Every structure is written in structure tokens, then in C-alpha cells.
Amino acid sequence: MKYNPNTVEAKWQQIWAAVGADRVPAADDRPTFYALGMFPYPSGNLHMGHVRNYTLVDAIARCRRMQGYRVLHPMGWDAFGLPAENAAIERGIHPAVWTHQNIAQMRAQLQALGLSYDWEREVATCDPDYYRWTQWLFLRFWEAGLAYQKEATVNWDPVDQTVLANEQVDSEGRSWRSGALVEKKKLRQWFLKITDYAEALLQDLDTLTRWPEKVRAMQANWIGKSLGAELTFAVVGAEARIPVFTTRPDTLGGVSYVVLAPEHPLVGVLTAPGQQETVAAFVAEVSRESERERTAEDRPKRGVPLGREAINPLTGETVPIWIADYVLAEYGTGAVMGVPAHDGRDFAFAQQYGLPVWAVIVPKNGEPPAGAYTDPGVMVNSGDLDGLDSGAAKAEVVGRAEAGGWGQGRVQYRLRDWLISRQRYWGCPIPIVHCPNCGAVPVPADQLPVVLPENVEFTGRGPSPLATLQAWVEVPCPSCGTPARRETDTMDTFMDSSWYFLRFADARNEALPFTRDRANAWLPVNQYVGGVEHAILHLLYSRFFTKVLRDRGLLDVAEPFQALLTQGMVQGLTYSNPQKTGKDRWISAEKVVWQENADGSRIPHDPHTGEVLTVAYMTMSKSKGNGVSPQEAIAKYGADTVRLFVLFKAPPEKDLEWDEADVEGQHRFVYRVWRLVTEYIAFAGKNSQGVDRNLRREIHTAIRNVTEDFGENHRFNTAISELMKLTNALQEGDRTSETYGEGVQTLLQLLFPLAPHFSAELWEMLGQTPALHEVSWPAWEAAALTVDEVTIVVQVNGKMRDNILVPTAQGGDREVLLAQAQAAPNAAKFLVGKEIRKVVVVPGKLINLVVG
RNA sequence: GGGGAUAUGGCGGAAUGGUAGACGCUGCGGACUUAAAAUCCGUUGAACGCAAGUUCGUGCGAGUUCGAGUCUCGCUAUCCCUACCA
């Protein structure tokens, strides 16, 4: 019978859906397993990155089902966000309509891959049934004092009169839509107090032993814990005091100036009369610069003096006070003590403006470097601290500061509170009403959800569409009934995705986002799989949510994701013209002009200029035109081949090169199995007799190795190579033995999690019942793995010289091995005239003769 | 500047401190075919050799060990993340 992937795949997808093969089974005494891939944004089309991500999770989920777990394997949609609003602006289609169309299309694409989702738990974050609970959870944060408002800087497009997201500002600081230079503007914004959890988020990284080291390091860096001190400088002739944060209190004696951020609140107070204009001009100039300009590398540091002096609390010396663009208002106290001798940035600044450099630490041995000396050392020029180790001096200075009331030790985190306000329509409305009497009042739970109004006009200009809808905005205060106004900001979409894994545990609950029991039953996610691009934000926010919800008594787990796998990118063949720079150097594959050389090799050329192109594998992206459509690949080869290819070509965490020849190779493998099994079926029943011990050993070796490869490390690439070996062994094996049938069945069982459709079909054709998705994972028999004789490697001085064959029982017998090794002809050559000084035996493996 | 990762044939990649290169791709040779495709068989790290085999070989340099791709120390290169974070 001819193998037609598309027919076979459609058939089994229908069968599994009809019998509910992928639904979470009712609770019983089996252990649970929660397998999750990061849910996608419904752009409308699946790309290869999705295919790889979800195939990995599916293989894990299917294998765990066969191994006797109750598996939760859900899928949903991260469905709020800007692209839907852009579609509305550009094409006049409502974001909800556009989004739901895309979801329908992508759901069909996922289904064509044969992914074993429990679709009854599907969620879309833009549906009121979901975002109602996002709002409900926001109010739990509010109750806990973890949601608050404050002024914050936003990107403001002066032409369109609208707020822009960071990703809508290009590298030159211009609006993507209007092209106007983006300005900074202060607006009152909502924040979540993630900084309250900085220490817990940092500490618990240690418990995530099955996360990649890389991701844990990235999160730790992002949280950025620094141990140091806050020290206070008094100001000559003024009441004000300047607190600074430093990690190097030992260098306090070397301070030659104090410097504030231009935005520091004390700037106005402290500026001397004669410096008013200079300072005002500098502050204005800095505020005009974009973040990018201000933080650009190798840009000279700039500043101006305030015309006033501060008093060094340790030495009593006076030093000038400056403001400078290299000091950040948001970090620490927004003020820094300038120690040019021991800080690279301060050194550069001091050089620029001729400020003095006073060294107070020298290396233990050797000469101090020409620039700043930032390593530990010995104190000098520091009065009674001289001779002290700089580490000890740190503690001493902090001790004196605490005793003298001018400072104390302090922990500083780099992590900032999470700004969740977005001035847009297509997001979850923040369930708050602003009342002139009561202030910010939460919308009562029984009035949730605050539903997004539908009759909205999208222009891309002016304030958020929500703010212009008077009928929606104007409501009575839930508390006192006074006419009040709804909050018109919506939430960052990361809010929606910070708890979706909890909703899947109880997706159809209409009374709560989830019950505590269900959450506890399924969480933490046993295996989470996604791209490393979410290593910080999504994963950190989800951890934060989980900890807050635990502290609010909504569930009992401290961490949402027990094991994390960050899969590599999918790369495509990429043609670029080295003569060009920028976006137009990429030539998509179908546009490349091929010219044949005399020797038959084909060289790619630019279709416009005729220049020779370079070829490389690069991450697939629209702009490079190097993407491969999953739909086309599935139509051409079938989902099983595509699945096997993405699993085989590289280990999961490495980048994967989409190579058509390798896809063909995988297709050949599928066909080979098909032919092998159908030929066996045609043959079966004739002469089935006897056990083929060698074949049986290969079968059970394959079971053992594949089972191990399906463990925590998810080595699907080597699992598939084991299956290829088993296939090769069967091809060479004796069909008349009864072992052959065992081999064929085992092959299909092991293949099922990876390539479910055609293995299920062949299983059925074999006449096996029940259907393959109900069959459990095979176990290997230790007895089947034994051999009568083992090959022992003979080494002389550690070099392989010969092999000997000995009965298994004697594989560790020193005398036997030594005698045979000396007799082995090729080894013997290297023993002539030499004395054996030592014999090393590794039982069952090798014997090494050390001679001299 | 800080952090993380990686380095093995023509290519993707395998190798609990014990036969380096499994498995696959490509290339080459052959079978089948009127021919081609498909399929099947053989071969495919380098050098020397008729062969048996020998020598070299896992980015570079040391070290530990009977034995190192693997462990230790020191470098180099590439990639990714992050960054005036005081």
C-alpha cells in the first residue's frame, strides 16, 4: 500500500479528536505531568520556530502519557497587543475580528502538525472570560499594596499626539509611524511593585536547578543586587544633604567631587545664583536627548558645576558639587561620590574637567595602573585607615558612618518596578475608577469584567481610543456614587501571560481564575519550553505573579516552572550582497539569480546588480526573506517528516539549520519504515519461528537508549538515531524469526511520540489493538541485553593495538585477559623486547599493558 | 566593562576518563533502468602503504592520569545576553 502522508495524518487527527485522546483524563492515582510550550501571539501564521517549540513539547507529552502519567498539555493565545490595533488602523478591521480570524487559522495549522493538545482548555487572553480574571488578579495586587500610580516618563510622538511603546521608536529615536523625533513626557502611570520581591526572586533562582544556567544568570544580572552603603554629604551653606549610594565606601577618602543626576530634585535647591543659567541650559539639553543618545558608548561624559561645595563626612574636606549626564536619576539615590582614582567613569569625567585625582588604595604588589585602580588593595593617604586592607576599610567606614549618623550599609537592586500602563485600546482594561472624592477606587468584583467597548474608531493619532469614549469613561464612583472617570489605560500584555499557565489548570472556572486545589494539583509546570528571548521578562514576571499569589493564599507553589528548556532558533539559507549594507542587502531565495560555472557549480547572483552573493545560515526572519513556510513543508513531506526533521537535526537547545536535503533524508527514513512494516505485514504468518538473539538485543538496546534519551535531557536527536539503527537492524534481520514481529512493534511504539500519525497507521495495519495512543511505553529486559562473548580492547601504553574476544564471564579476569592480550598478534608486536610493568583492566572493556 | 555559552571530518552532529567521528546529509563508485527519477549495495578525517598496517588528528599551550574530545590551569576565536547601575 502506498504511503500518503496527508491522508494518513488527516485520518488520525480526526480519530484522536473524536475519541478525545488528548483530553486530560479524570483524576485518578496516576502521577501528573504538565507539559507546556510558550503560547504564541496570534499573528495569523505559524513559523518554524513555533513548529520546533511545539513539536518538542508534544513529543514530551506523548511520551509521558505512554509512560503512565496523567498529562496536561494545553494551548492558548497571547492575543492582546499592538499588531491588532495596527491592522485596525491600516485596514479598518476591528482588532477582535482580526485576532479571532488569526487564531482560527493558526489553530488549524497547529492541528495539522498533530499536536496532542487538550483543546477544551484553550484560552485567549483577549476574551472577556479570560481578562476578567486578569483584572481580578490585578485587584489582588492592589489590595496587597503592590499596584500603585506614579509619574513616569513615556515616549511621546508630538505629531500624532500619542504615546509610543519602546518598540515603536526606531534606532534614531523617531516614531515608526509619523517619523517625528520622539519626546519624553511625564504621565501618571500604573506600576507593580516587583521590587518588593527582588530578594525572593533572586534567592529562589537557586532552587531552579533544571533551568539553564544562562537564564538564571540573566535573571540574577537583571535583578542586580549590590551590597554597599548610603553615605550622606552635608552642603556648605545649605540645609540640604546629599545621600549617595556606593559599593566602595573604602574609597570615600578619595572623593574629589560629588555629582547629581540632572533630574535630581536637589538641583534646583543647590544651584548657586551665578550658575543658574548654565545649569538650566545643561538640564534642558540633556532632557532633549533620547535615551539612546545619552547612553551611547564612547561618548564623552558631560557636566557642569552647581557652584557649591559638599563636605566629605570622613575627612571634613570640601569638594565641588556637579551635575552630569552619566549619573542616572533612577538608580540608587541619583547621586554619586566622584572617586576618579578608583572608578573608570569618574576618572574619565575628572580628566574631561580637570578635577583632581586622589589615590587612597594601592595594589598589594606592583605599581598602580595609569588610569583608575578598581581592584582591592591597601589603604594609603587615608589617615588612620592607612595600611588597612581595602576590604576591611569598607566595613570600617560603614561602621563610622553608622556611629556618626552620616550613613549606613545598604543593599541596592537594579530591578525597577514594573510599569504596566499602556495608553492603547487592545489590552486588558485596568479595573479602576478615579473619583474626585475617593481617589482611585477598584471596580467591585461582581462588576468584572470591565469590558472593552466595541464601537471604537482607530486613527493612530491622539489619545487612546478608550479615553475619547465618554459613554464608557463616565461612570459613578463604585464607592460614593459621585460622577467619576474610568481608568483608560490598559495593561501591558505581559500581565496576561504572567498567569495563563495557572488558568490552564482550571480553564473553564466561572467563579474564580482557578481553584487552589487545581492549581496545586498541576503546578509547577513540569516542563516548560520556549525561546530564550523570554529569559528575563516573561519568566521573571511569571515568577513574581506566582509568588504574590502564593502570599495571597491562592496557591501553594513558590515557582511556576520546574524545568525550563530554551530551544534554539531555526535558521534558513540566507543570501546577501556583501556590496550593500542595511536592509536591502538581503535577497530572498526565490529572487536569487543562479549562474552556472564551467565546472557545473552554481553561483548565486544579485537579480538587480548581478553581484555575487554570499550564502550563510541565519535565523529566519521576514526582513531576510529566508523563512520556510511550515504549511508548505507539511504539504510536501507530511507532518511526521517535518516533526522528525526538527527533532533530529540538532539537540533542542542549539540552533537548527533548515536544510532541504536533510528533510529529504528524514522523509526517506519515514518511507523506509513504511516499507519495512508493510513488507513484513505481507510476509507475516509464514514461518514465524525461533528467537533471533542478536536482533532481540538490538531491540532492547534501542528501548533502553531511547527511554534514556526521552528523560530530563530530551535528547531527541540521538533517540531518532537509535530508531534508525533499529530500522537498519530490522532491514538486515531475519523476517522468519518471531523476534522480528517484536522488533516491528517496538519500533512503532518508540516512534509514536515523535511521528504519531504514520506509526499509528502502521500499528493498525499490523492488526494491533488497542490503538497505539492507548499503548504503554515498552520496557527493556536486562536479560535480552546479555552477550556470550565480549570484545576486549588491547592497549599497549594507552594506544589501541588489538581486540580479543573472551567469554562474558571472563571479561574481568585479569589472568585470562593478560594471557590472550600477549598472544594477540598485533599487540604482541609492541611487546617484543619490552618488560610489562603494569596491567590495567577495565572489566568487559579493555586491558592496557604498560611496557618500558 | 560585566555575565553566559560554544569550538570535533566537506556539513549537521555522536561519544558514563577507556576503539574519536554513532546516526544522518553531501560527494564518489556500482546495481537496477532503453534512459532518468526513486530504490538498493559499497565507500567517504588526513598522510604513507599493494596489503597487513603505521603515523597524525577533537581551537592553542601546559598539567593530572596507565589512558584526556571529556578533568585542572592559562590563552585565542566566535556567538548570545547585558551595560555609564556607582
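Just so it is clear: chains get the letters A, B, ... in the order the sequence lines come, proteins before strands, and each one is counted from 1. As the structure is a prediction and not an experimental result, all values here were calculated from the model.
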Partners meeting ring-ring contact (aromatic ring centres under 6.0 Å, His included) with A:Phe245 (sequence neighbours left out): none
For A:Gln352, side chain to side chain contact (heavy atoms under 4.5 Å, CB included) partners two or more places apart: A:Pro300
Residue list, ring-ring contact (aromatic ring centres under 6.0 Å, His included) with A:Trp780, at least two apart or on another chain: none
Minimum-distance nucleotide to A:Asn848 side chain [options: B:C85, B:C25, B:G18]: B:G18
Residue A:Leu328, side-chain heavy atoms: nucleotide from B:G18, B:G2, B:C85 that is nearest: B:C85
Under-4.0 Å side-chain N/O to phosphate OP1/OP2 contact, A:Asn705 with B:A22: no
Who pairs with B:G1 - Watson-Crick or G-U, where each distance is under 3.5 Å: B:U82
Touch class at under 4.0 angstrom, heavy-atom based, for A:Thr791 against every strand present: nothing
A:Trp658 vs A:Lys649 side-chain heavy atoms within contact, under 4.5 Å: no
Working for side chain to side chain donor-acceptor pair (under 3.5 Å), residues A:Lys829 and A:Asn826: CA-CA 5 Å; A:Lys829 289 198 318 205; A:Asn826 204 50; 3.0 Å; yes
Where protein sits on nucleotides 4-15 of chain B, one letter per nucleotide: B base, S sugar-phosphate only, - none, heavy atoms under 4.0 Å: S-------BSS-
Letter per nucleotide, 5' to 3', of nucleotides 53-58 of chain B [B base touched, S only sugar-phosphate touched, - untouched; heavy atoms, 4.0 Å]: SSSS--
A:Gln666 (side chain) and B:G24 (base): donor-acceptor pair under 3.5 Å: no
Sugar-phosphate, base or nothing in reach of A:Gly665, heavy atoms under 4.0 Å: sugar-phosphate
Would you mind writing out the side-chain donor-acceptor pairs for residues 832-848 of chain A within the sub-3.5 Å range, not counting sequence neighbours?
residue	atom	partner	partner atom	Å
A:Asn848	OD1	A:Asn797	N	3.4
A:Asn848	OD1	A:Gly798	N	3.0

Test: A:Lys301 cationic atom under 6.0 Å from A:Tyr326 six-membered ring centre, within 45° of axis: yes
